[in-house]
Amino acid sequence: MTTLQDCRALDAQDPLRALRELFTLPEDVIYLDGNSLGPLPRSVPDRIARAVREEWGEGLIRSWNSAGWFELPRRLGDKIATLIGARSGEVVATDSTSINLYKVLSAALSIAASGEGQRRIVISERSNFPTDNYIAEALCRERGFTLHLLEADEIPGALDARTAVLMLTHVNYRTGAMHDMRELTRLAHAAGALAVWDLAHSAGAVEVDLHGADADFAVGCGYKYLNGGPGAPAFVWVHPRHTDRFWQPLAGWWGHASPFAFTHDYQPAQGITRYMCGTQPILSMTALECGIDTVLAAQPAGGMPALRHKSLALTDLFIALVEERCAGHGLGLATPREHARRGSQVCLTRETGAYAIVQALIARGVIGDFRAGRPDILRFGFTPLYLRFEDVWHAVEHLRQVLETREWERPEFQRQQAVT
Ligand SMILES: *Cc1c(COP(=O)(O)O)cnc(C)c1O
């Protein structure tokens, strides 16, 4: 049996434990939802106040140059690149994940359409995050392609000479299951198709090596494990072999080779800059930089490998404690036990009551979330930057109490809210 003392001993030895100080977390909260919205970095309020008062207030329009606003999407992109196995100059922070996916999938379809043969099929996973499949469906209709949604284990056998693009999310939002990016990309390429990866639940959470996997395109999210704040800009990466081959479809002036020449025709910028569209939300982007810096702050203590090591230890501990302490309450495990197949979250299943159990936990300050489906899912994200092993112990103890006392059956926990 694992005890609270054991967990405290793990915390005492944790090389990343000082990083918790980089965040403002309420005292009475155990935050297991950093996979949905990262918490507030301590540096953000002052940094945003300075951006507002000095850069906007005093610098006014001069700040596009003097405060580095114009360069911000590329500067942030270079920082993100170090977390995902990309190189400097290959990533920009911009727009939302949904919009960036539209751009890269459209470019990938253009490449497929310009090649030999009849590649008209886009393959994705049925349980992919809905926005990814919605965007793909709309784009396929618009461009005369067909979207095939498959189960994960059907994908390798479905890649063939008709496949234009394999589009997947690396870590599944519902189950936390992680794909083998290198192997699936290899299979896609062997079939003559391109591979587009969504890193929404990977960037800052698990080690990603886009060049090592030889991926073609990638997008990812700024407000999850990168702690960029609600609605933070997302990012986009394109392999340099593709970047200058096609215009992306949202050919706005920020992707122009010289936006301030105000020419009548569109000349795309070289490199990833052409994947920008219009004027960027500088205040949001300023907060995003603080968030990315919290992840980069792990560098001296081992960087992404150290974060991944602790993340697996946290999720292993959570699974073990739930199985030890909450047995007999109808909980199942939707997340793979195998490390190579697990992201940074643990998803429990329950036939009934999942929503109310999550609500009862939130009322106790243990914040996870609920994802509807068959079966329903109680989802817990584990961010190694600020979570302690002790937090995992307390979270499971709260879960045990909620189940044992049937606290979750109270009427106030049954009421469904707009955002789950
Ligand atoms: C969170 C998430 C998104 C979010 O897209 P937005 O455009 O930011 O709303 C998209 N795809 C996946 C896989 C996600 O997990």
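Atom set for the values below is all heavy atoms of this structure, side chains included, hydrogens, waters and symmetry mates excluded. Both ligands and their constituent atoms are indexed starting at 1 by order of listing. Here the structure is a predicted model, which means the values were calculated and not measured.
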Taking only Lys NZ, Arg NE, NH1 and NH2, and the carboxylate oxygens of Asp or Glu, determine whether D180 and R186 approach each other closer than 4.0 Å.
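No salt bridge links D180 with R186.
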R20 bridged to D11 by N-O distance under 4.0 Å:
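A salt bridge is absent here (no side-chain N lies under 4.0 Å from a carboxylate O).
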What is the distance from atom [atom1] of [X] to atom [atom2] of [Y], rounded to the nearest 0.5 Å?
| X | Y | atom1 | atom2 | result |
| --- | --- | --- | --- | --- |
| H339 | R308 | NE2 | CZ | 8.0 Å |
| H211 | I84 | NE2 | CD1 | 9.0 Å |
| T146 | H148 | OG1 | NE2 | 5.5 Å |

Show the atom names and distances, to 0.1 Å, of all donor-acceptor pairs under 3.5 Å that link a side chain in residues 37-54 to residues at least two apart or in another chain.
from : atom 1 : to  : atom 2 : distance (Å)
R42  : NE     : E21 : O      : 2.7
R42  : NH2    : F23 : O      : 3.0
R47  : NH1    : E55 : OE2    : 3.2
R47  : NH2    : E55 : OE2    : 3.1

List of N/O pairs, ligand 1 versus protein, all under 3.5 Å?
from     : atom 1 : to   : atom 2 : distance (Å)
ligand 1 : 7 (O)  : S98  : N      : 2.9
ligand 1 : 7 (O)  : S98  : OG     : 2.6
ligand 1 : 8 (O)  : Y223 : OH     : 2.7
ligand 1 : 11 (N) : D132 : OD1    : 2.7
ligand 1 : 11 (N) : D198 : OD2    : 3.1
ligand 1 : 15 (O) : H201 : NE2    : 3.0
ligand 1 : 15 (O) : K224 : NZ     : 2.5

